[in-house]
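Working notes, beginning with the structure itself.
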Number of protein chains: 2
Amino acid sequence: MAKKGQYIYEYKHPAVTADTVVFGYDGKELKVLLIKRGEEKEAGTSAYVGEWALPGGFMDVDKDKTIAHTAARELKEETGLKLSVKDFKEVGTFSDIDRDPRERVITVAHYALVKLAEVQADTDADKAEWFALDEVPKLAFDHNKILQVASKHLRRDIHFEPVGFDLLPGIFTMPQLQNLYESILGVTFDRRNFANKMKRYNILAEVDDGTPRRGTRTPIRYGFDKKNYDRLKESGFQLEF
Amino acid sequence: MAKKGQYIYEYKHPAVTADTVVFGYDGKELKVLLIKRGEEKEAGTSAYVGEWALPGGFMDVDKDKTIAHTAARELKEETGLKLSVKDFKEVGTFSDIDRDPRERVITVAHYALVKLAEVQADTDADKAEWFALDEVPKLAFDHNKILQVASKHLRRDIHFEPVGFDLLPGIFTMPQLQNLYESILGVTFDRRNFANKMKRYNILAEVDDGTPRRGTRTPIRYGFDKKNYDRLKESGFQLEF
DNA sequence: TATTTTTGCGTATTAAAAACACAGTTATGG
DNA sequence: CCATAACTGTGTTTTTAATACGCAAAAATA
């Protein structure tokens with residue numbers, strides 16, 4: 001952690017934080033990881049103590065190689081979740097002059113996608129909790145607005161990147177994939193057309209995990225064919241769901 | 001401008017700047033507005049003096065309502081170009097730990113689109129100069145990388161927003177519009193298919209400015225039908241070029 | 001056991017994208 | 001001045017993708 005001391009500048013500097021919207025999918029709906037704010041360790045005074053907020057915190061000017069490193073470090077410290085720096089996608093900067101009552105603070109918002117079932121055990125239940133997207137309470141600072149913008153980015157990105165596969169377990173079924181897309185986009189697709197379109201992209205691979213398919217009712221199990229996806233991406237290919 | 005003095009913090013703060021990639025189109029190719037760096041007015045020591053760079057500068061913590069206001073203010077100060085705050089689209093944050101030799105500086109990059117012919121007179125020729133995108137020299141800091149990312153954002157945004165109309169004069173022809181799209185995207189379209197597609201969106205309006213159309217060779221003049229576009233956008237419509 | 005739900009596979013229809021031909025007028029080069 | 005090339009507009013045809021449904025088999029449900 002950064003050292004406390006006396007740091008002097010000729011011109012005013014803003015404080016900089018990184019906040020992260022962590023999205024997870026439980027098979028039914030999209031969820032977000034929130035923390036309950038405690039006493040601030042770094043800033044002079046604390047703000048919004050006891051309220052729900054996005055995980056995040058102040059940049060360590062000496063140690064954080066980039067602002068994404070700040071986001072990753074703070075997420076780990078506040079929720080126990082350890083993600084790779086490249087999993088953080090930048091959403092935008094929030095810099096309204098009065099967004100923090102203590103001093104001028106600008107924050108760089110990120111979002112990250114996790115396989116909820118696999119990480120739920122890692123999240124520190126004392127401090128962090130998963131909320132359904134439509135049950136998120138009033139949050140500290142401008143975090144409701146950040147959440148809104150991040151959701152919009154996710155909905156846009158899903159059209160061009162295989163983000164669905166970051167949210168689902170490694171092996172999944174076509175109906176699961178469709179449910180995910182429908183709940184993120186808030187629409188419904190025709191079952192058969194959705195499957196056809198997905199298959200045309202050749203980024204799904206049937207997986208045989210021993211489960212017998214006695215009838216057509218047992219859904220086929222798929223995995224994400226990352227190798228094929230990377231190849232397609234390199235050749236200038238563009239997904240469009 | 002911010003006052004010089006002694007500002008003390010308990011924890012280290014990074015300096016924050018806003019840089020802007022201003023794109024203009026001269027009818028042939030995409031251009032970018034660059035400035036020649038002089039002595040820094042605000043920071044203790046100057047860096048990259050005499051080199052080309054993107055217009056931008058330090059946030060005024062007391063006066064800049066948002067980081068976009070910083071971008072607008074600095075652009076005005078450095079190039080004479082006065083743009084509305086809402087014309088600045090955020091590209092991303094650049095925060096590598098060693099990107100500025102003086103101190104830790106993170107920058108929020110933006111891009112803006114202007115009608116080159118109409119603003120060329122406003123740009124202060126002593127300090128600023130327009131460069132063709134493929135003739136941009138080596139820039140200060142990580143500005144080449146910022147330019148690259150901004151160009152990528154522009155190429156993406158052009159698919160969903162009528163950005164072409166911000167770059168062209170108010171009245172333009174179909175070939176001009178096509179040339180713009182082709183030079184931004186680096187592709188070629190079939191003349192007839194392009195025109196058909198554009199017309200289907202119903203965001204173009206034929207303009208009669210008195211120029212007689214004696215033959216089919218004199219191109220039809222169009223204007224951007226903003227009213228129709230806003231209506232379409234409100235109804236959930238999405239452009240896709 | 002009868003009924004409903006779920007899954008896969010397929011077809012017909014509709015809309016859009018891509019490829020292409022022609023005619024009139026202006027610009028260009030000798 | 002004339003022949004040629006270049007530019008613009010308006011179509012049509014062909015190919016491809018998107019959309020809307022039908023059917024059968026197995027599993028869950030009542």
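Numbered from 1 within each chain, the chains take letters A, B, ... in sequence-line order.
The backbone N or O of B:A109 lies less than 3.5 Å from no partner atom in the side chain of B:T107, so there is not a single donor-acceptor pair. With hydrogens and angles disregarded, no donor-acceptor distance shorter than 3.5 Å links the side chain of A:K31 to the backbone of A:W130.
In this structure, the CD1 atom of B:I220 is 11 Å from the P atom of D:dG11, given to the nearest Å. Atom-to-atom, NZ of A:K197 to C1' of D:dT19 comes out at 11 Å; the value is rounded to the nearest Å. A:Q176 has its CD atom 14 Å from the P atom of C:dT6, to the nearest Å. For the pair B:M198 CE and D:dT10 P, the computed distance is 16 Å after rounding to whole Å. When the P atom of D:dT8 is taken as reference, atom CZ of B:F172 falls 15 Å away, rounded to whole Å.
In terms of phosphate contacts, A:K199 brings a side-chain nitrogen or oxygen within less than 4.0 Å of OP1 or OP2 of C:dC9.
Inter-residue side-chain proximity for B:T20 and B:L83 is flagged as unmet; no heavy-atom pair is nearer than 4.5 Å.
Within the structure, salt bridge (Lys or Arg N to Asp or Glu O under 4.0 Å) contacts touching residues 152-165 of chain A (residues at least two apart or in different chains) are A:K89-A:E161.
B:F172 and B:F165 have tilted rings, their planes meeting at an angle from 30° to 60° on a 0 to 90° scale. Note on ring orientation: taking the six-membered ring where Trp is involved, the planes of B:Y111 and B:F23 are perpendicular (angle over 60°, cut-offs 30° and 60°).
Heavy-atom distances under 4.0 Å link DNA chain C to A:R191, A:R192 of residues 182-194 of chain A, given in residue order.
Sequence order on DNA chain C of the closest nucleotides to A:T173 and B:R217 puts A:T173 first from the 5' end. Summary of the strand contacts: B:E206 and A:N196 both lie near DNA chain D, and taking for each the nucleotide with the nearest heavy atom, the more 5' one is attributed to B:E206.
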